[in-house]
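Below is one structure, written out as structure tokens, with a few remarks after it.
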Amino acid sequence: MLRTRSAQARAIEFFQGTLATRSEFESVRIFDTTLRDGEQTPRTSFSEADKREIATILDEMGTHVIEAGFPANSDAEFEAIRDIARSTETTVAGLARVVESDVQAAIESEVDMIHVFASTSDVQIEDSMHSNREEVKERSVAAVEQAKAGGAEVMFSPMDATRTDRDYLAGVLEAVDEADVDWVNIPDTTGVASPSRFADLIGFVGQHTDARIDVHTHDDFGMATANAIAGIEAGADQAQVSINGIGERAGNAAYEEVVMAAESIYNADTGIDTTRITEIAAIIEEKSGIPIPPNKPVVGENAFSHESGIHAAGVIENADTFEPGIMTPEMVGAQRAIVLGKHTGSHAVREHLEDAGYAPTDEEVEEITARVKSRATEKHTITVEDLHRFAAAVGVDRAGSSAEVRA
């Protein structure tokens with residue numbers, strides 16, 4: 001696998017096609033919930049040391065809010081959250097149900113923001129909270145008032161908002177608005193939204209609150225990032241995301257996807273140091289035990305890799321031919337790769353050979369290309385050792401020496 005020579009770490013400017021207009025929003029805030037919702041991924045757990053390490057990097061990257069966890073969950077969780085709140089410069093949030101002891105634990109954990117939530121869809125009110133609409137509204141208001149009295153910034157989430165009766169949702173939002181809530185987070189808890197419908201919901205929410213709007217989208221149908229961006233387009237100020245998209249079931253909108261879409265497609269300012277995205281993605285992969293799929297956008301092994309002859313030839317000439325151009329590997333701390341395989345063309349083979357110090361003729365390149373394709377067809381990965389073996393078999397000269405390869 002060839003690592004191509006470095007290019008500029010900034011995007012190129014396109015003003016044609018769908019990129020001709022990039023003015024839907026100018027900025028977006030990033031609320032990271034890797035340490036809270038991300039840790040709720042089945043079979044995933046972060047140690048206290050893990051949490052502190054991850055929070056430090058998120059803080060250094062410029063993340064606006066770090067949701068460090070659920071203070072009432074356990075003594076160890078409480079202490080980890082308090083340590084993060086004391087040691088980071090950014091806003092640290094703690095989650096709390098609309099339960100007095102939960103909110104008190106969050107206050108005592110010294111977090112900057114208390115994120116209170118209550119179910120608002122009828123199915124969750126009845127079969128999860130075992131309550132009723134009026135009681136949920138009253139408890140929500142009481143929790144917001146308690147958190148405000150504790151001196152924290154307060155966010156309220158009507159859980160399962162995308163399956164909630166709109167009239168009731170409006171009533172709850174107006175009630176917590178009167179309690180002076182700072183933020184309302186609109187969660188697509190079960191991932192049933194589509195971009196246009198979610199945008200419509202955010203527009204509706206904006207008519208019933210004076211608080212700033214935050215969005216939290218799940219990926220059950222593969223639309224979490226699109227829904228988060230649609231929410232921002234519709235007027236939300238902030239998106240809740242997790243590194244590598246980890247989280248409940250199919251996960252959340254991915255930090256790296258939302259940030260790079262906002263920065264590159266919309267030309268918006270996130271304030272994030274994007275060059276550390278690949279670094280933190282690898283750390284989360286290691287500590288969560290959840291592998292990054294090779295085809296994962298932005299951080300997957302194949303995100304900036306090319307095998308197809310047409311694509312590889314174009315990228316060797318100018319990477320912007322078959323990459324977005326507005327997002328380069330250097331922007332996210334990654335490297336571009338030209339991979340040898342079944343679909344490889346002669347341009348890629350020549351590039352690999354020359355990078356390895358060979359000086360092949362056109363005929364030798366064609367012969368080695370045929371050998372690469374033949375071996376790859378048998379489902380073998382083409383290695384550097386294979387390349388050297390093919391070069392020796394064909395008799396390719398090393399650059400500056402006609403006998404070196406044959407020796």
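- The side-chain hydrogen bond (donor to acceptor under 3.5 Å, both in side chains) check on S119 picks up Q124, with sequence neighbours excluded.
- Among the candidates R36, M113, M155, the single residue satisfying the side chain to side chain contact (heavy atoms under 4.5 Å, CB included) test with E67 is R36.
- Within the structure, salt bridge (Lys or Arg N to Asp or Glu O under 4.0 Å) pairs that include any residue of residues 185-204 comprise R166-D200 (at least two apart or interchain).
- Scanning for side chain to side chain contact (heavy atoms under 4.5 Å, CB included) contacts around N267 gives R22, with sequence neighbours left out.
- The distance from atom OG of S101 to atom CD of E108, rounded to the nearest 0.5 Å, is 10.5 Å.
- Relative ring orientation between F117 and H115 is described as perpendicular, the plane-to-plane angle rising above 60° on a 0-90° scale split at 30° and 60°.
- The structure places CD of E53 at 4.0 Å from NZ of K287, a figure rounded to the nearest 0.5 Å.
- Counting non-hydrogen atoms of neighbouring residues, nucleotides and ligands closer than 6.0 angstrom, the CD atom of E100 reaches no more than 12 such neighbours.
- The OG atom of S109 lies 6.0 Å from the CD1 atom of I81; values are rounded to the nearest 0.5 Å.
- Within the structure, side-chain hydrogen bond (donor to acceptor under 3.5 Å, both in side chains) pairs that include any residue of residues 72-82 comprise K51-E77 (at least two apart or interchain).
- Using a 4.5 Å cut-off on side-chain heavy atoms (C-beta onward), I290 and R43 make no contact.
- The stretch residues 208-217 participates, sequence neighbours left out, in these salt bridge (Lys or Arg N to Asp or Glu O under 4.0 Å) pairs: R212-D237.
- The shortest distance between side-chain heavy atoms of I243 and L58 falls below 4.5 Å.
- Ring geometry for Y358 versus H388: interplanar angle of 30 to 60°, hence tilted.
- Contact check for E256 versus V332: no side-chain heavy atoms found under the 4.5 Å cut-off.
- Once rounded to the nearest 0.5 Å, the distance linking CG of N244 with OG of S288 reads 7.0 Å.
- Taking 4.5 Å as the limit, every side-chain heavy atom of I280 sits out of range of all side-chain heavy atoms of T34.
- Side-chain atoms of T209 and D177 include a donor-acceptor pair closer than 3.5 Å.
- Within a 6.0 Å sphere centred on CD of E26, heavy atoms belonging to other residues, nucleotides or ligands number 12 at most.
- Scanning for side chain to side chain contact (heavy atoms under 4.5 Å, CB included) contacts around A20 gives an empty result, with sequence neighbours left out.
- Not a single donor-acceptor pair under 3.5 Å links the side chain of T33 to the backbone N or O of S242.
- A salt bridge is defined here as a Lys NZ or Arg NE, NH1 or NH2 lying under 4.0 Å from an Asp or Glu carboxylate O, and R371 with E367 meets this definition.
- In this model, no donor atom of one side chain and acceptor atom of the other lie less than 3.5 Å apart for T189 and D160.
- With rounding to the nearest 0.5 Å, the separation of CE in M260 from CD1 in I277 is 5.5 Å.
- Residues meeting the side-chain hydrogen bond (donor to acceptor under 3.5 Å, both in side chains) test with K137, sequence neighbours left out: none.
- To the nearest 0.5 Å, atoms CD (E174) and CG (L169) are separated by 9.5 Å.
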**Message:** side-chain contact (heavy atoms from CB on, under 4.5 Å), that's the test. Do Y255 and T63 meet it? Break it down for me.
**Reply:** CA-CA 10 Å; Y255 184 115; T63 308; 2.8 Å; yes
Throw together a table of side-chain donor-acceptor distances under 3.5 angstrom for residues 216-223, partners on residues two or more places apart or in other chains.
from	atom 1	to	atom 2	distance (Å)
H216	ND1	Q240	OE1	2.6
H216	NE2	D37	OD2	3.1
H216	NE2	H218	NE2	3.1
H216	NE2	N252	OD1	3.1
T217	OG1	A224	O	2.8
H218	ND1	G251	O	3.1
H218	NE2	D37	OD2	3.4
H218	NE2	N252	OD1	3.4
D219	OD1	M223	N	3.1
D219	OD1	A224	N	2.9
D220	OD1	R249	NH2	2.8
D220	OD2	R249	NE	2.8

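- Take A152 and apply the side chain to side chain contact (heavy atoms under 4.5 Å, CB included) test, not counting sequence neighbours, and it matches I114.
- Looking at residues two or more places apart in sequence or on another chain, you find a side chain to side chain contact (heavy atoms under 4.5 Å, CB included) between D112 and T91, V92.
- The side-chain hydrogen bond (donor to acceptor under 3.5 Å, both in side chains) test applied to E110 returns R86, not counting sequence neighbours.
- E60 pairs by the side-chain hydrogen bond (donor to acceptor under 3.5 Å, both in side chains) definition with R276, not counting sequence neighbours.
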